[in-house]
Asks: 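One structure, as structure tokens, below. Some questions next.
Below, chain A is the first sequence line, B the second, and so on; all start at residue 1. None of the values given here were measured: they were computed from a predicted structure.
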Number of protein chains: 2
Amino acid sequence: METAQPRHTRTPRGTLSQQLLLDTAMEIVDIGGVGGFSMRALGARLNIDPTAVYRHFRTKNDLLEALADRVVRGTEPLPHSGSPLADLRETFAQLRRSLLRHPTLAPVVLRRPPGGEASWERTNHTIGLLRDAGMPDHEAANAFQTLLFYTLGHSLTEARHTAATIARKGPDATVTPVTAISPAASRYPHLAATADHLAAEMETQFHEGLGLVLAALAI
Amino acid sequence: METAQPRHTRTPRGTLSQQLLLDTAMEIVDIGGVGGFSMRALGARLNIDPTAVYRHFRTKNDLLEALADRVVRGTEPLPHSGSPLADLRETFAQLRRSLLRHPTLAPVVLRRPPGGEASWERTNHTIGLLRDAGMPDHEAANAFQTLLFYTLGHSLTEARHTAATIARKGPDATVTPVTAISPAASRYPHLAATADHLAAEMETQFHEGLGLVLAALAI
DNA sequence: ACCTGAACACCGTTCAAGT
DNA sequence: ACCTGAACACCGTTCAAGT
């Protein structure tokens, strides 16, 4: 399986575009992580002078933000199943999947302030699910933020773990669950008792936590 | 208020230590953010050659990890009030405060895998609170992780906002709540209805979300 | 033993020059 | 109009040399 498409021929004039630059940048990021991305690396992969990129993006940071935009926009349609609980599960599961699709970009996504049309639309829709289910505005806002922060915390942790595995074993490595506790278990009885559950599959873990928060909602 | 202590005199031989280097590094980070920290900046502030630092830390990354260690270790004692609910609230409130004490280091903390003696001890203690309150192991593990990920997501978001404010207005700026929704509210009725609550004080918001999760626990 | 300073291989970004 | 390439001001890190 080959994600890279090396270009040995000089990219012809006029073919450079934000599209092409972002696609190529995303390839670099997926292979070598954000740390492996540089204007010079991008230029090399396209066989253009690195400074040609500045025609299309003001700074490297702008380019990374545009990549983060792609990640956060998401590709899956908003759920409309008729069951608010199922739709809520699916909404945050989608957010998780978006963040994990390009795990090394997850930190870049986090350091952006919330926003963007696509993001507002999803937020509006999600709060709508809660309000339509009968929750007062205050509770609906609180529930939304709790679910969002839980999903962010979990997904960023999982993305960190996935990115670290990829960095060690290459982009096609299978990611194993977080190994639980290395220190002497005898000193930490409560850790020892729950070690098996703490080291569960990240996806199972995510859904159980989501279920816990949703259970508090009385929808 | 002056956090910086400029050194015009050459630091004498033999006074360099991990202690002094970390203290100075933390000053730089608190003033200019992680982005403003470099081995050369550290050398300049101590009036030593930048490469002298390599006697005490193998790489810049090791030094940043040591800073993150300080942040995550926390200074406050584990709560033992007798009320498990109150202790749980306090435990995660402590984690939040630790992360916010040096907001620009929060992303560095996140990209570390969990661990360290101090961290295991806190984890063990927290899971103990849940088990001693009668929760079965599986539920206790699940509840702990949910509370942890919620706290991480919220604190990292708040830290990002705080760090951005400091970067714009200097280290002594007062951090205002996140301003809610800029886009045309008419297009997003559910956002408009809950805008006031979404823009609440971050601390209030945090405790309400924590309360929501804790309410699901039936302790 | 501990610190220095030159050097190497990188960065992001600017700007005059080429086509 | 679009791309190039030299140049500038930075990086982290290594290693021989100094004290």
Side-chain angles (χ1 to χ4, degrees), chain A residues 7-29 31-69 104-105 107-108 111-112 164 167, chain B residues 7-29 31-69 104-105 107-108 111-112 164 167:
Chain A
R7 274 168 248 271
H8 297 297
T9 56
R10 162 144 305 198
T11 302
R13 259 168 189 264
T15 55
L16 228 50
S17 64
Q18 303 214 12
Q19 261 276 2
L20 176 62
L21 288 169
L22 288 177
D23 289 343
T24 313
M26 195 67 100
E27 290 173 14
I28 295 176
V29 159
I31 296 169
V34 235
F37 173 74
S38 74
M39 299 305 244
R40 285 167 154 95
L42 180 54
R45 187 163 242 267
L46 285 167
N47 262 81
I48 55 159
D49 191 280
T51 63
V53 180
Y54 288 85
R55 288 278 140 195
H56 301 90
F57 294 93
R58 217 172 43 74
T59 62
K60 176 191 179 183
N61 202 59
D62 281 15
L63 202 157
L64 282 176
E65 299 262 294
L67 286 184
D69 246 25
T104 78
L105 280 178
V108 181
R111 73 161 192 251
R112 294 161 50 79
Chain B
R7 276 167 246 272
H8 296 298
T9 56
R10 161 143 308 197
T11 302
R13 256 167 193 268
T15 55
L16 227 49
S17 64
Q18 303 213 13
Q19 261 275 3
L20 176 62
L21 287 169
L22 287 177
D23 288 344
T24 315
M26 194 68 102
E27 289 173 16
I28 296 176
V29 159
I31 296 169
V34 233
F37 172 75
S38 72
M39 299 304 246
R40 284 166 154 95
L42 179 54
R45 188 163 242 266
L46 285 167
N47 262 81
I48 55 158
D49 190 280
T51 64
V53 180
Y54 288 85
R55 287 279 140 196
H56 301 90
F57 294 94
R58 215 172 44 75
T59 62
K60 177 190 180 185
N61 202 59
D62 281 15
L63 202 157
L64 283 177
E65 299 262 296
L67 287 185
D69 247 25
T104 79
L105 281 178
V108 181
R111 74 163 190 249
R112 291 163 51 80

Asks: For DNA chain D, just give me the dot-bracket, please: Watson-Crick or G-U, both distances below 3.5 Å, ( ) intra-strand, [ ] crossing earlier pairs, | paired with another strand, . unpaired.
Replies: ||.|||||...|||||.||
Asks: Among residues at least two apart in sequence or on other chains, which ones pass side chain to side chain contact (heavy atoms under 4.5 Å, CB included) with Ala66(B)?
Replies: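 With neighbours one apart ignored, the set is Leu22(B), Phe57(B).
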Asks: Once side chain to side chain contact (heavy atoms under 4.5 Å, CB included) is applied, do any residues pair with Arg55(A), and if so which ones, sequence neighbours excluded?
Replies: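 So Arg55(A) forms no side chain to side chain contact (heavy atoms under 4.5 Å, CB included) with any residue.
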Asks: Within this structure, what is the CG-CD1 distance for the pair Leu42(A) and Ile28(A), rounded to the nearest 0.5 Å?
Replies: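 It is 5.0 Å, given to the nearest 0.5 Å.
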Asks: In chain order, what residues pass the side chain to side chain donor-acceptor pair (under 3.5 Å) check against Thr104(B), with sequence neighbours excluded?
Replies: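 So Thr104(B) forms no side chain to side chain donor-acceptor pair (under 3.5 Å) with any residue.
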Asks: If you restrict it to nitrogen or oxygen atoms, what contacts under 3.5 Å exist between nucleotides 13-17 of chain C and the protein, and what is each distance?
Replies:
residue	atom	partner	partner atom	Å
dT13(C)	OP2	Tyr54(A)	OH	2.9
dT13(C)	OP2	Lys60(A)	N	2.8
dT13(C)	O5'	Tyr54(A)	OH	3.4

Asks: Send over the distance from His56(A) NE2 to dA1(D) C1', rounded to a whole Å.
Replies: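 Going from NE2 in His56(A) over to C1' in dA1(D) covers 11 Å.
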Asks: Write down the distance between CZ (Phe37(A)) and P (dC10(C)), rounded to a whole number of angstrom.
Replies: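 In whole Å, dC10(C) P lies 17 Å from Phe37(A) CZ.
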Asks: Using the test side chain to side chain donor-acceptor pair (under 3.5 Å), find all partners of Thr59(B) that sit at least two apart in sequence or belong to another chain.
Replies: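 So Thr59(B) forms a side chain to side chain donor-acceptor pair (under 3.5 Å) with Asp62(B).
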Asks: Please report the interatomic distance CG(Asp23(B)) to CG(Leu46(B)), rounded to the nearest 0.5 Å.
Replies: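 CG of Leu46(B) is found 10.0 Å from CG of Asp23(B).
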Asks: For side-chain contact (heavy atoms from CB on, under 4.5 Å), just list the numbers for Phe37(A) and Leu63(A), CA-CA rounded to whole Å, side-chain angles, deciding distance to a tenth of an Å, and then say yes or no.
Replies: CA-CA 11 Å; Phe37(A) 173 74; Leu63(A) 202 157; 3.9 Å; yes
Asks: Take atom CG of Asn47(A) and atom C1' of dC3(D), then tell me their distance rounded to the nearest Å.
Replies: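 Rounding to the nearest Å, CG of Asn47(A) and C1' of dC3(D) are 14 Å apart.
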Asks: In whole angstrom, give the distance that lies between atom CG of Asp62(A) and atom C1' of dG12(C).
Replies: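 Checked: the CG to C1' distance equals 13 Å.
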Asks: Taking only residues two or more places apart in sequence, or in another chain, which ones meet Ala68(B) in a side chain to side chain contact (heavy atoms under 4.5 Å, CB included)?
Replies: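 If we apply the side chain to side chain contact (heavy atoms under 4.5 Å, CB included) test to Ala68(B), skipping adjacent residues, the hits are Val108(B), Val109(B), Arg112(B).
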